[in-house]
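Just so it is clear: chains get the letters A, B, ... in the order the sequence lines come, proteins before strands, and each one is counted from 1.
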Amino acid sequence: MPFLAHYGTQLINLCAAVLLLLAFTMLTQRRILSLIHLYTAQGLVLFASTVLVALVTGQAELYKSAALTLALKVLALPWLLHFLIRRLNVKWDVETLINIPTTMLIGIVLVILAFNLAAPISRLAGTVTRATLGIAMASILLSFLMMITRSKAVPQVIGFLSMENGLFFAATAAVYGMPFVFEFGIAFDVLVAVLIMGVFFFQIRERFDSLDTRHLERLKEH
Amino acid sequence: MRMPAPLDAALLLAGGWLALGLGAMASPRSIALARALFPAGALVGLALAAVGLAGLFDAPAVRLLPLGLPELPFHARLDCLSAFFLVLLGSVSAAVSVFARGYLRDDPGSHPPGLQALCYHVFLASMALVLLADDAYFFMVAWESMALSSFFLVITDHRHAEIRRAGYLYLLIAHLGAISILLCFGALQGGSGDYTFDTMREIHQPAAWASVAFLLALAGFGAKAGLLPLHVWLPEAHPAAPSPVSALLSAVMLKTAVYGMLRVTLDLIGFSLWWWGVVALAVGLASALFGIVFAAVQSDMKRLLAYSSIENVGLIVAGFGLALVFHGFGMARLAALALTATLYHCLNHAFFKGLLFLATGSVLHATSERSLGRLGGLIHRMPWVAWCALVGTIAIAGLPPLNGFASEWLLLQAFLFTPGLPQAYLNMLVPLAAAAVALTAALSGYVMVKFYGVVFLGQAREAKLAQAHDADLWQRAGLAWLAAGCVALGLAPTIVIGLVDPIARMLVASGMDTGSGSWLFVAPIDPARASYSPVIFLLGVAALVAIAWGSVRFFYHGRMRRAAAWDCGFPFIGPRMQDSAEGFGQPVKVVFRPMFRIRGEAPAPLDTRPRYHESADDRLWGWLYVPVARAVDRATGLVTVLQRGRISVYLLYSFATLLLLLLIVR
């Protein structure tokens with residue numbers, strides 16, 4: 001399709017930009033419900049970009065990945081998270097450990113760092129979408145930052161999940177996907193991780209009457 | 001119908017053991033099911049021994065298994081070395097399985113019988129697979145499942161804290177050994193990235209790397225075999241385990257370590273430097289002497305046997321070291337002699353030590369007593385066990401015509417040829433080693449007199465021993481099978497040497513001639529120098545006994561009178577006046593005093609309720625293990641500074657590490 005040949009790469013770059021934007025939004029968002037929505041949106045963008053890469057490069061394997069993304073990251077995991085917060089009755093993340101403007105500033109530094117780090121690898125890559133590697137890495141680092149700055153358990157898990165999104169994006173957009181076995185394995189890992197963490201949420205709350213992971217400090221050996 | 005190739009049959013039989021184990025889990029609490037499985041396991045063992053015998057004389061066969069990871073399949077191979085150890089495994093485990101059928105009980109607080117049957121059969125199967133593995137990956141998988149299944153067997157009675165402690169120690173040292181073996185394979189693959197044993201045979205290692213690999217193998221397999229200084233688990237784990245398991249650990253599992261040493265050194269590395277042999281010889285002899293001296297002062301019968309296992313493994317490794325010395329100097333026939341003695345002793349030790357551990361199992365079963373100070377006189381209550389144990393005792397003490405003598409004699413013969421060595425210091429020092437072997441053999445006679453005398457002879461030291469019952473039929477069958485094995489192996493050394501011959505030809509490129517050319521005599525190297533015929537010896541002894549008995553019966557008055565044994569003319573002798581285990585060991589404790597850390601107190605002369613207490617401990621605990629444990633503790637203490645208890649901080653650690661790594665990779 002001439003349209004795709006022309007605009008395909010541009011569209012993938014657009015997806016990448018949206019992804020980065022979403023990562024920043026997540027960093028600033030305090031409401032847990034919005035975080036889940038943002039995560040779902042990230043999944044959708046990921047799905048779109050995977051389909052686009054598949055169309056542009058004609059790799060049939062990637063359709064499978066796209067389907068997996070849709071099923072897991074847009075449908076299953078958000079549903080699971082919704083279910084969790086309804087059962088746990090948490091809506092708000094009261095405060096972040098570092099205030100939001102500072103977090104944003106650190107985030108910007110991280111993005112610059114990520115682009116610098118990715119530059120030599122991007123130059124080596126022969127793929128159409130090589131500029132996206134920096135963005136992917138930036139969104140991984142931003143999600144990591146989000147995990148660090150939150151004190152409640154649920155946002156930390158969402159940070160973990162969105163980090164995996166960044167990884168997945170790096171894999172599809174920058175190097176046209178991993179072998180399907182790996183992708184499938186990682187997807188399964190994430191699902192299991194969320195289930196286990198769900199169990200942990202209930203346990204933590206039962207022990208401490210709160211989902212604040214700062215309470216876990218008491219478990220330290222003195 | 002065509003018989004399947006030995007390799008396929010061996011793999012199928014190992015699978016059969018696994019299937020039996022899994023079958024036990026169909027109803028883990030049912031003791032009837034578990035009892036039915038053990039005799040089936042014994043049949044599998046016998047079949048495996050037969051397959052091993054067939055495999056001894058076949059050309060090596062290889063097979064690629066449809067198991068393992070993608071791109072990393074399991075390779076299996078059966079050559080004469082594996083086949084020999086399969087014979088050992090199969091024939092000894094058959095007896096142990098039959099015995100275990102009678103031994104198994106459903107104790108509350110220990111593993112349910114089905115679980116015991118599972119671990120037991122997985123243990124057997126993984127030992128078979130260790131012997132059949134032909135790549136490092138498969139080998140390690142089998143090796144580790146052997147370690148884990150035996151760990152669970154050792155802690156069968158896990159309600160006792162000291163048994164859990166023994167199990168932990170065993171697991172810890174097993175893992176140290178496994179790490180060392182893993183590194184050894186890493187050195188052996190020589191940068192090729194291919195971990196099949198075939199590649200390792202092909203690669204010609206530079207001497208330095210080969211030496212690293214050898215030392216790692218000696219340490220790794222030595223940890224499993226119970227060589228100094230990694231022997232500490234052995235006297236803890238063997239008494240902790242149920243007796244059939246102790247028998248398997250000592251008789252078979254220690255031999256898989258010997259197999260590993262032989263496989264890595266003489267097969268995979270393919271050449272040897274003479275100083276490797278000296279290292280192995282020194283470690284082996286030190287372990288042998290250490291083991292037997294400690295065995296002499298034990299007062300727990302299973303600990304005594306465990307220390308005696310250290311001694312026997314020490315002798316085996318000394319023989320292996322001697323073979324390496326000869327091999328390193330290119331003296332192929334002498335290397336074959338030493339290797340033959342080594343393998344022969346492996347087989348012998350498996351039979352007599354298995355037998356003795358099973359006998360202690362029967363005693364334990366009947367009296368629930370392990371301490372030598374509370375046993376005695378059991379030959380009257382348990383004649384079957386006592387007579388079988390007597391065969392094992394004579395064999396382990398190294399008396400002709402039983403099997404222990406045959407292999408120790410061959411080993412000494414090998415030592416006596418060392419003046420021919422082209423290395424000046426060596427041919428002066430190795431005769432000293434021969435003296436050490438002789439000393440060890442003599443002390444082992446002493447220890448076994450103590451073992452047998454205190455447990456089975458004299459008078460019962462406790463009133464409850466009067467209720468002791470003899471072993472049941474299953475236990476008797478297991479004991480009798482091993483006792484018969486000890487006799488047969490002792491009477492037919494030429495046949496055993498014939499079985500070992502292909503291995504010697506494969507590993508050191510020469511066989512050991514039995515010299516005399518007749519099946520009756522064994523004459524290593526030269527019949528003019530030394531030869532031995534157990535059959536003639538046996539006939540001579542039998543004739544002497546018959547003459548003595550006959551002359552007493554017919555020429556003397558022939559009347560029989562029962563009197564208290566060893567009363568030395570005392571009018572009255574009670575059970576407490578007999579020589580005790582501690583008393584019997586006292587001379588050794590005095591002579592070898594520097595080897596022990598002796599603690600205890602003697603009562604004051606005017607004490608009306610005197611209590612005497614003394615313990616002789618292993619000095620290596622204080623010299624090696626305690627300092628290492630303290631250092632580890634201190635190092636982990638430093639790490640706890642990092643422990644903040646806050647997830648954010650932990651995440652920050654990973655984040656900083658990630659950024660740092662990214663910056664470095666750049």
Exercise. Which atoms of Leu110(A) come close to chain B, meaning under 4.5 Å heavy atom to heavy atom: side chain ones, backbone ones, both, or neither?
Worked result: side chain
Problem set entry | Note, Lys73(A) side chain near Glu164(A) side chain (heavy atom, < 4.5 Å) | yes
Exercise. What residue among Leu129(B), Ile181(B), Leu148(B) forms side-chain contact (heavy atoms from CB on, under 4.5 Å) with Trp143(B)?
Worked result: Ile181(B)
Problem set entry | Top contributor to chain A interface from Leu652(B), Leu651(B), Leu662(B) [non-hydrogen pairs under 4.5 Å] | Leu651(B)
For this session: Tell me, for Leu659(B) versus chain A, whether the close heavy atoms (under 4.5 Å) come from the side chain, the backbone, both or neither.
Result: side chain
For this session: Report the residues that fulfil side-chain hydrogen bond (donor to acceptor under 3.5 Å, both in side chains) with His121(B), sequence neighbours left out, ordered by chain and then residue number.
Result: none
Tell me which donor-acceptor pairs under 3.5 Å the side chains of residues 167-177 of chain B have, and how far apart each pair is, sequence neighbours excluded?
residue: Tyr170(B); atom: OH; partner: Ser150(B); partner atom: OG; Å: 2.6
residue: His175(B); atom: ND1; partner: Leu171(B); partner atom: O; Å: 2.9
residue: His175(B); atom: NE2; partner: Glu144(B); partner atom: OE1; Å: 3.2

